[in-house]
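Since the model is a prediction, treat every value here as computed from it, not as a measurement.
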Amino acid sequence: DGTIVYKKNELITSGFTNQQGIIIFDNLITGDYYIKEISTPSNYEESDNKIDIYLNADKELTIENTKKKVELIINKKDLETNKNLKNSLTTFKIKNKATNEYIKINDNELIQVNSNGQIIIKDLEYGTYEIEEIGSDDEYNKNEEIKEIIINDETVTNKKIEINFYNEAKKYTIKINKIDSTTKESIENVEFGIYATEDIKLLDETIIYNKDELIKTEKTNNKGEVIFNELVTGNYYIKEISTPSNYEESDNKINIYLS
């Protein structure tokens, strides 16, 4: 009879899919329509597709949406220098808290950092994850913190999310006892120096001490003891710098590897 039921480009009705992902538009008369997605859950990519459909009978459509995916970057860093630990052998586990399953690379849930001190996981879906350091390098103390990250629109920038794990280099102590070769009694005020046998580096390639650098000097106390502490992993040597005048000076060089 010429009555206009719906105007061109008029929004006729809208609704949300149910738990089964189904939405039904009913009581539509014969005609040309198009369907557009207005909004979608935040963990899915929105679709700009317009689906054209001519109705002259009941019809069923299947529309697919793609889950949002990001690139996760884990940086393994030195606590003091804030630099990535290159050539680290550290391994991590990454657990999806929704599924309670671990992310795998090459069917292995133990993921080792690359030569740049990073783990890069591509195409990781939105969600909540736990990241745990499993094995650390011999030169460093393990980071015992289990970090939880939430990946969503608020935490992602340019489809990437980055997290840092900091590790402290292990520090060692050397204790020297200086005694009289005959009486075995302690000798006070003997001065020792500790030197680097070679360039001593952290895994981030920072040089802590240069080869043959005098790191520090100390004198024996009244118990004949001298202590050098806060030394990182590496090759050192110790030399006697001065001794009380009633003793022969020693030219011995004591080599020691700390680990």
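When every heavy atom of E188 is checked against every heavy atom of P244, the shortest pair comes out as O-CG, 3.3 Å. When all heavy atoms of S186 and G224 are compared, the pair lying nearest together is CB-N, 3.7 Å. Between T220 and N189 the shortest heavy-atom distance is OG1-N, 2.9 Å. For the residue pair Y209 and A196, the shortest heavy atom distance occurs at CB-CB, 3.8 Å. Residues S88 and V113 come closest through the heavy atom pair O-CG2, 3.4 Å.
Contacts classified as side chain to side chain donor-acceptor pair (under 3.5 Å) and involving residues 16-30 (residues at least two apart or in different chains) are not found. The list of side chain to side chain donor-acceptor pair (under 3.5 Å) pairs with a residue in residues 114-126, not counting sequence neighbours, reads E71-K122, N75-Q118, Y126-D153. Screening residues 236-255 for salt bridge (Lys or Arg N to Asp or Glu O under 4.0 Å) gives K178-E240 as the qualifying pairs, with residues at least two apart or on separate chains. Judged as a ring pair (Phe, Tyr, Trp, His ring centres under 6.0 Å), not a single pair has a partner in residues 20-53 (not counting sequence neighbours). Within the structure, the side chain to side chain donor-acceptor pair (under 3.5 Å) test picks out no pair touching residues 52-63 (sequence neighbours left out).
Hydrophobic clustering (ILVMFWY, side-chain heavy atoms < 4.5 Å, transitive): I176 and L258 are in one cluster. Note on I105 and I73: separate hydrophobic clusters, where clusters join Ile, Leu, Val, Met, Phe, Trp and Tyr whose side-chain heavy atoms are under 4.5 Å apart, directly or indirectly.
In terms of the ring pair (Phe, Tyr, Trp, His ring centres under 6.0 Å) criterion, F192 has no residue partners (sequence neighbours excluded). The side chain to side chain donor-acceptor pair (under 3.5 Å) search around E80 returns K171, not counting sequence neighbours. Evaluation of the side chain to side chain donor-acceptor pair (under 3.5 Å) rule for E218 yields no partner, not counting sequence neighbours. Residues satisfying the salt bridge (charged side-chain N to carboxylate O under 4.0 Å, His left out) test with E148, not counting sequence neighbours, are K97. In this structure, the ring pair (Phe, Tyr, Trp, His ring centres under 6.0 Å) partners of F92, at least two apart in sequence or on a different chain, are F165. When the side chain to side chain donor-acceptor pair (under 3.5 Å) test is applied to Y237, the partners found at least two apart in sequence or on another chain are D212. Y6 is linked by a side chain to side chain donor-acceptor pair (under 3.5 Å) to nothing, counting only residues two or more places apart in sequence or in another chain.
In this structure, N221 contributes its side chain and K223 its backbone to a donor-acceptor pair below 3.5 Å. No donor-acceptor pair closer than 3.5 Å links the side chain of T173 to the backbone N or O of N229. At least one donor-acceptor pair closer than 3.5 Å links the side chain of T155 to the backbone N or O of I150. For the pair N210 (side chain) and E213 (backbone), a donor-acceptor distance under 3.5 Å is absent. Counting only distance, with no hydrogens or angles, the side chain of K184 and the backbone of S181 share a donor-acceptor pair below 3.5 Å.
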Worksheet item: Please walk me through it: do L231 and I194 pass side chain to side chain contact (heavy atoms under 4.5 Å, CB included)?
Response: CA-CA 10 Å; L231 299 168; I194 184 165; 3.6 Å; yes

Worksheet item: Stepwise, does the side chain to side chain contact (heavy atoms under 4.5 Å, CB included) test hold for F16 with I23?
Response: CA-CA 6 Å; F16 292 91; I23 185 172; 5.7 Å; no

Item to complete: Begin with the C-alpha distance, continue with both residues' side-chain angles, and end with the deciding distance and a verdict on side chain to side chain contact (heavy atoms under 4.5 Å, CB included) for L28 and I12.
Response: CA-CA 9 Å; L28 297 170; I12 298 167; 4.3 Å; yes

Discussion item. Salt bridge (charged side-chain N to carboxylate O under 4.0 Å, His left out), that's the test. Do K93 and E132 meet it? Break it down for me.
Written reply: CA-CA 5 Å; K93 279 187 175 183; E132 180 182 5; over 6 Å; no

Discussion item. Go through it in stages, so that I can follow the logic: the residues are I174 and V226, the test is side chain to side chain contact (heavy atoms under 4.5 Å, CB included), and I'd like the CA-CA distance, side-chain angles, deciding distance and then a yes or no.
Written reply: CA-CA 8 Å; I174 299 174; V226 65; over 6 Å; no

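Side chain to side chain, K67 and N43 fail the donor-acceptor criterion of an N or O pair below 3.5 Å. A side-chain donor from one of N235 and E198 sits under 3.5 Å from a side-chain acceptor of the other. Using modelled atom types, one finds a donor on one side chain and an acceptor on the other under 3.5 Å when comparing E133 with N167. The closest side-chain donor-acceptor pair between E191 and S242 falls under 3.5 angstrom. Under 3.5 Å, the side chains of D137 and T90 contain a donor-acceptor pair of N or O atoms.
Between K147 atom NZ and I74 atom CD1 the span is 9.5 Å, to the nearest 0.5 Å. Taking CD1 of I111 as the start and OG1 of T91 as the end, the distance is 9.5 Å to the nearest 0.5 Å.
Shown are N164, N84, D204; of these, the side-chain hydrogen bond (donor to acceptor under 3.5 Å, both in side chains) with K77 is made only by N84.
K95 places none of its side-chain heavy atoms less than 4.5 Å from the side chain of E101.
Checked for salt-bridge contact, E139 and K170 miss the test: no charged N lies under 4.0 Å from a carboxylate O.
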